[in-house]
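Worksheet for the structure shown next.
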Amino acid sequence: MTAGAECCAPITREPLSGPDAADLAVLLKAVADPVRLRLLSLIGSHAGGEACVCDLTDAFDLTAPTISHHLKVLRTAGLIDCQRRGTWVYYWIVPATVARLGALFTPLAEPAAL
């Protein structure tokens, strides 16, 4: 995904360009896994808008390295960011990137002209 890329037009409004489709495919692939989708949801709904990795690993019957892999995929896609604080790492949602996904499927008030 290109850093600082402008949000593309939703697919319900006009066809996506090749670069926009490629950028959005990275985001969609990142959330296409049930574990990553749950992680994104857990982080986004956590009190204070950020979650400690210790809170996330307890929610799954998976090893810590597996959870770390899924968090890395979300981070690489730009959907979450993190910061180490002492022993623990805290994660939060990147609103602009998550908003790109939401805007992609936001319907128009009126149907697109055919």
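Residue numbers start at 1 and run along the sequence shown.
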Identify the heavy atoms of [X] and [Y] that sit nearest to each other, and give their distance.
X   : Y   : answer
L74 : A30 : CD2-O, 3.9 Å
L27 : A77 : CD2-O, 3.2 Å
D33 : V35 : OD1-N, 2.8 Å
E50 : H46 : O-ND1, 2.9 Å
A51 : L56 : CB-CD2, 4.0 Å

Rounded to the nearest 0.5 Å, what separates atom [atom1] in [X] from atom [atom2] in [Y]?
X    : Y    : atom1 : atom2 : result
L104 : R100 : CG    : CZ    : 9.0 Å
Y90  : R85  : OH    : CZ    : 6.5 Å
L42  : D55  : CG    : CG    : 9.5 Å
C54  : I67  : SG    : CD1   : 12.5 Å

Between the side chain of [X] and the main-chain N/O of [Y], is any donor-acceptor distance below 3.5 Å?
X   : Y   : value
S68 : A64 : yes
R84 : T87 : yes
T66 : L62 : no
R38 : A59 : yes

Applying a strict under-4.5 Å side-chain criterion to I, L, V, M, F, W and Y, I'd like to know whether [X] and [Y] cluster together.
X   : Y   : value
L24 : L37 : yes
V98 : W92 : no
V94 : Y91 : no
L28 : V73 : no
V53 : I80 : yes

Checklist entry - Per the side-chain contact (heavy atoms from CB on, under 4.5 Å) rule, which among V89, I43, T57 passes with L71? => result I43

Item to check | Stepwise side chain to side chain contact (heavy atoms under 4.5 Å, CB included) check, K29 with R36 | outcome: CA-CA 10 Å; K29 285 179 187 177; R36 291 193 289 268; 6.0 Å; no

Next on the checklist: Side chains of L40 and I93, heavy atoms from C-beta outward: is any pair under 4.5 Å?
Outcome noted: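 Side chain of L40 against side chain of I93, heavy atoms only: contact under 4.5 Å found.
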
